[in-house]
**Student:** 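First the structure, then my questions, so here it is.
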Amino acid sequence: MDLLDNLNPAQRAAVGAPPGAILVVAGPGSGKTRVLTHRIAYLISAMHVSPWHIMAVTFTNKAAREMEHRIEQLLDGRPQGLLMGTFHAICARILRREVDNLTHYQRDFVIFDTADQLQVVKHVLAELNIDNKKFPPGKMLNGISSAKNDLISPAEYTATNYVSEVTRRVYERYQLTLQANNAMDFDDLLMNTVLLFDERPDVLAKYQERYRHILVDEFQDTNATQYRLLRQLAGEQNSIFAVGDSDQSIYKWRGADYRNIQNFYRDFPQSQTILLEQNYRSTQVILDAAIEVIRRNRDHIPKKLFTERPGGSKIIIREAYNESDEAATVVNTIESLMLQGYNGNAFAVMYRTNAQSRAIEEAFVQAGIPYRLVGATQFYQRREIKDIIAYLRLVHNPLDAVSFNRVINTPMRGIGQQTQTQFAAWAAALELQPGEALVRLATDPDVQHPFNGRAYSALYAFGGLFAGWLALRDRVSVGDLLDAILEQTNYRAYLEDGTEEGEERWANVMELRSVAEIGGDIALSDFLEQVALVAETDNLDHEAQAPTLLTLHAAKGLEFPIVFITGLEEGLLPHSRSMDSEDELAEERRLFYVGLTRARDAVYLSHAFRRTSWGDSSVAVPSRFLADIPEEFIDGQRPSARRRESIDRASTWDTGRKSWNNNQARQQTAWGDHERRSPARPEQARPAESRLPEPYSRTEEPRADRPANPNFKTGQKVRHGKFGEGTVIESKITGSDEEVTVAFPGIGIKRLAASIAGLEAVG
DNA sequence: ACCCCTGCTGTTTTT
DNA sequence: CAGCAGGGGT
């Protein structure tokens, strides 16, 4: 077995290390996924550990799938019994199995997402008579979440001021409400697992016995609860293999604490540390620039990162006039690099906040280049999708009052606010959750109730439907259950109001249905769990030939030949909310570091002279992080030197360049073509950077004629070379091209430019 | 019971 | 410039 052959000495030391506590400090691009997968394969094939005894925790579901796939290749087959997934997914599975040992939960508990949590908090605030203006639900939720991340129960929560005293009360009630709903939020999945293990050493022993080898990816982003869980599972006997890099810790706001790396030394004194310092990804220039940035952080521990890719093109920094100019410049540059032969998927455009994606998207649409957007309006957050999931969840778990409230009068069936309030009071008097009470009303002829003719018949009718679905639940597939619900609620008629938006919404529902269908015989509980725990980055496939737009956070763990980081301005990166604390500032710098180190060949940094944030536009100051990059790694002038010039030019810029609809945007500058050009066709753009490495093979597709009317219609079935068959959700003419939004079952919603995507109609 | 209008608010990152 | 809560009108 030559599992150790293709590794460098440090990697080999990690992969072949004897069992025990091992901490791998892995710099960016140092092959940590390689080390993890080889370690698992090595355990199985060389050390004869049964896959059954291995648990591997990853940061995203996608990382888990990828690793599983690579291990399969290494071992020539799928290891049976290997547990791999995110902390959340693994905990959900454990809790599902141990549900009989949980004090406050019963089988079929559901997972509440952020929107559901907000509903609960609002409800609690109302119950407690707390002004939701003075105590915004979101803030309360943050307080609750950080308590849970630190494993602090409501009883242990100590209030130091009035706000935290209110938080404590809300937390207490919130937790009781979740339990009454038989629901857990994301944090509960972790916390309840830890609490279960604390209370039930026998249960913990079972898992310790089973999972003798624990591997953790992205260890620097574990929070206190997760770390505690790892320690519990590791116990005195088991092996723990943690891989992380404190310089890439960017989830402090979510409770992550990279000091867990120090805790690891403390709690596992026998541990062995292995440093992975060779970078296989970036050029020397990029790596050096990144090191210069990160070493400015006070608590940064210097590493000796090196690469065998000397030189490389310098980092290009450009100032744009405003965000649309910036976006157009990015897109222009991508366009000319594509003409040089780069594939679309070589590019990533990164930004600090999701809101920034909009200007960039518009520039892509304008240029007729398809792109992939990570995050933003998530499919599962759409109203209609949440409605349908609420129906399914309520049928799965009739105790779920949040879902109940969502569907009780959706579509409208004459159960108004008045009736709902009355109903809630009645259910409370019976000590039933609303779903239970409704079933009682519809099935128990002797039950006492206060409802009169009109309200009663509406409630009775809906209760009848609901009872029917409950009876159906265990007998039919998720898809069939969904169909029954859709049909009996007339949901389609409710959505289709004749507008395009209505059509789109129905198409989304059909897309959800196809997700259920693809799962085959998937159980309702598994379906709901899957839907609750998916992350947007999970669906990122590198096959699509399009640039990727994503936040710096979402970029973690990924790599691209060419990386654009936009909005390098004070207040954005570093973000304004982080500027008055050194800790948070350090995290912003790490975020920038993560972005830089995603790049293989080239980095483009940009900032705007003016930026429009909600409402009006104001002059932006270039980010302090730009000054961290030494002159020798930069192509062009540093922002401070160009400051004067840009102010001089502001008066020229300020005329007639604001509109997106005229063709101005496409005539604006690309990088490497620094001065403004007179109107020219984009094809004439000069190559952005002549020192770029060898381009990839050219795969330019001929563009179709610009359509005057859409060739595609909502609801139409189409086929795409990479994504397969899908349903058109929307199609519209934008500027020079037709923009088609298509739902591909199992892949997701893609927005495509018809001329480039090569869509064909099916059927 | 439902619709529409207004005026207010709050805007980081996500499993 | 959202998205939403609350109020007033139908």
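Labels below follow one simple rule: chain letters A, B, ... track the order of the sequence lines, proteins then strands, and each chain is numbered from 1. Both backbone and side-chain heavy atoms feed into the values below; hydrogens, waters and symmetry mates do not.
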**Student:** Quick check for you: among B/dC2, B/dT12, B/dT15, whose closest atom lies nearest to any side-chain atom of A/H88?
**Tutor:** B/dT15
**Student:** For B/dT15, does OP1 or OP2 lie under 4.0 Å from any side-chain N or O of A/N61?
**Tutor:** no
**Student:** If I take atom CZ in residue A/R589 and atom C1' in nucleotide B/dT13, what distance separates them, rounded to the nearest angstrom?
**Tutor:** 18 Å
**Student:** State whether A/K252 and A/E584 are salt-bridged, where the test is any N-O pair (Lys NZ or Arg NE/NH1/NH2 against Asp/Glu carboxylate O) under 4.0 Å.
**Tutor:** no
**Student:** Would you please confirm or rule out a distance under 4.0 Å between OP1 or OP2 of B/dT12 and any side-chain N or O of A/S578?
**Tutor:** no
**Student:** Start at the 5' end of DNA chain B and walk down; is the nucleotide closest to A/N409 or to A/E588 reached first?
**Tutor:** A/N409
**Student:** Polar pairs (N or O, both sides) under 3.5 Å between protein and nucleotides 4-6 of chain B?
**Tutor:**
none

**Student:** On the nucleotide B/dT12, are OP1 or OP2 found under 4.0 Å from the side-chain N or O atoms that A/R254 carries?
**Tutor:** no
**Student:** Find which nucleotide of DNA chain B each of A/R454 and A/F59 is nearest to by heavy atoms, and output the residue with the more 5' nucleotide.
**Tutor:** A/R454
**Student:** Donor-acceptor pairs under 3.5 angstrom involving side-chain atoms of residues 404-412 of chain A: please list them, not counting sequence neighbours.
**Tutor:**
residue	atom	partner	partner atom	Å
A/N405	ND2	A/A401	O	3.2
A/R406	NE	A/D387	OD1	2.8
A/R406	NH2	A/R383	O	3.3
A/R406	NH2	A/D387	OD1	3.3
A/N409	OD1	A/R413	N	2.7
A/N409	OD1	A/G414	N	3.4
A/N409	OD1	A/I415	N	3.2
A/N409	ND2	A/I415	O	3.0
A/T410	OG1	A/R406	O	2.9

**Student:** Polar atoms only, N or O, under 3.5 Å: list the protein pairs with nucleotides 6-10 of chain C and their distances.
**Tutor:**
none

**Student:** Using a 3.5 Å distance criterion without hydrogens, assess whether the side chain of A/Q226 forms a donor-acceptor pair with backbone atoms of A/N223.
**Tutor:** yes
**Student:** So, applying side-chain contact (heavy atoms from CB on, under 4.5 Å) with A/V170, which one of A/E127, A/M140, A/K139 is it?
**Tutor:** A/M140
**Student:** OP1 or OP2 of B/dT12 sitting under 4.0 Å from any side-chain N/O of A/S576?
**Tutor:** no
**Student:** Walk me through whether A/Y174 and A/D185 qualify under side-chain hydrogen bond (donor to acceptor under 3.5 Å, both in side chains).
**Tutor:** CA-CA 11 Å; A/Y174 170 88; A/D185 64 22; 2.8 Å; yes
**Student:** In whole Å, what is the span from the CD1 atom of A/I144 to the P atom of B/dT15?
**Tutor:** 20 Å
**Student:** Does the pair A/R611/A/E326 count as a salt bridge with the N-to-O cut at 4.0 Å?
**Tutor:** yes
**Student:** OP1 or OP2 of C/dC4 sitting under 4.0 Å from any side-chain N/O of A/K122?
**Tutor:** no
**Student:** Planes under 30° and centres closer than 5.5 Å, is that true for A/W253 with the base of B/dT13?
**Tutor:** yes
**Student:** So does A/E587 pair up with A/R590, basic N to acidic O under 4.0 Å?
**Tutor:** yes
**Student:** Tell me whether the OP1 or OP2 atom of B/dT12 has a side-chain N or O from A/N142 closer than 4.0 Å.
**Tutor:** no
**Student:** Got A/E323 and A/T612 here, is their nearest side-chain heavy-atom distance under 4.5 Å?
**Tutor:** yes
**Student:** Taking the side chain of A/H553 as its heavy atoms from C-beta onward, which of B/dT15, B/dT14, B/dA1 lies nearest to it?
**Tutor:** B/dT14
**Student:** Are any of A/N149's side-chain N or O atoms less than 4.0 Å away from OP1 or OP2 of B/dT15?
**Tutor:** no
**Student:** Just the rounded figure in Å: distance from P of B/dT14 to CG of A/D187.
**Tutor:** 15 Å
